[in-house]
Amino acid sequence: MDAAVSSTNVGGVADTSLYLKKQVESHEVAIAELKNLLPSRAVYQRNGNIFFRTTMEKATASEQKQLASTKAKLES
C-alpha cells in the first residue's frame with residue numbers, strides 16, 4: 001500500500017497527513033475484518049502485484065505492523 005503521495009498544499013504537510021490518516025483507518029478496518037473471519041476461510045495477502053495464500057494470524061500480524069509503521073510516520 002505504499003503509493004506516491006501528491007501534494008497540492010505548501011509543503012504537502014496537510015495532504016500527507018490526510019493520506020496517512022486514511023491508511024491508518026484502512027489498516028484498522030482490515031484487522032477488524034480479519035478477526036471476524038471464520039477459521040475455515042481462505043486468506044490472501046498482497047505482495048507486490050501478486051496475492052499469496054496465508055494464515056489469518058500472519059495476515060493480521062502483517063496488518064498490525066503496517067498500522068504501527070503508519071502511526072509512527074503520522075506522529076513524526
d(Asn36 CG, Arg41 CZ) to nearest 0.5 Å is 12.0 Å
Applying side-chain contact (heavy atoms from CB on, under 4.5 Å) to Ser69 and not counting sequence neighbours gives Lys73
In terms of heavy-atom contacts, Val43 and Ala59 come closest through CG1-CB, 3.7 Å
Would you be so kind as to tabulate the donor-acceptor pairs closer than 3.5 Å made by side chains of residues 49-58, with sequence neighbours excluded?
| residue | atom | partner | partner atom | Å |
| --- | --- | --- | --- | --- |
| Asn49 | OD1 | Arg46 | NH2 | 3.4 |
| Thr55 | OG1 | Lys58 | N | 3.1 |

Rounding to 0.5 Å, atoms CD (Glu75) and OG1 (Thr70) come to a distance of 11.0 Å
dist Gln66:CD -> Ile31:CD1 (nearest 0.5 Å) comes out at 9.0 Å
Is it true that atom CD of Glu28 has more than 12 heavy atoms of other residues, nucleotides or ligands lying nearer than 6.0 Å?
yes
Practice problem: Identify whether Leu18 and Leu74 are in the same connected component of the hydrophobic contact network (ILVMFWY, side-chain heavy atoms under 4.5 Å). | Solution: no
- Item | Validation row: Leu67, Glu63 side chains within 4.5 angstrom (heavy atoms) | no
Between the CG atom in Asn47 and the OG atom in Ser62, the distance rounded to the nearest 0.5 Å is 9.0 Å
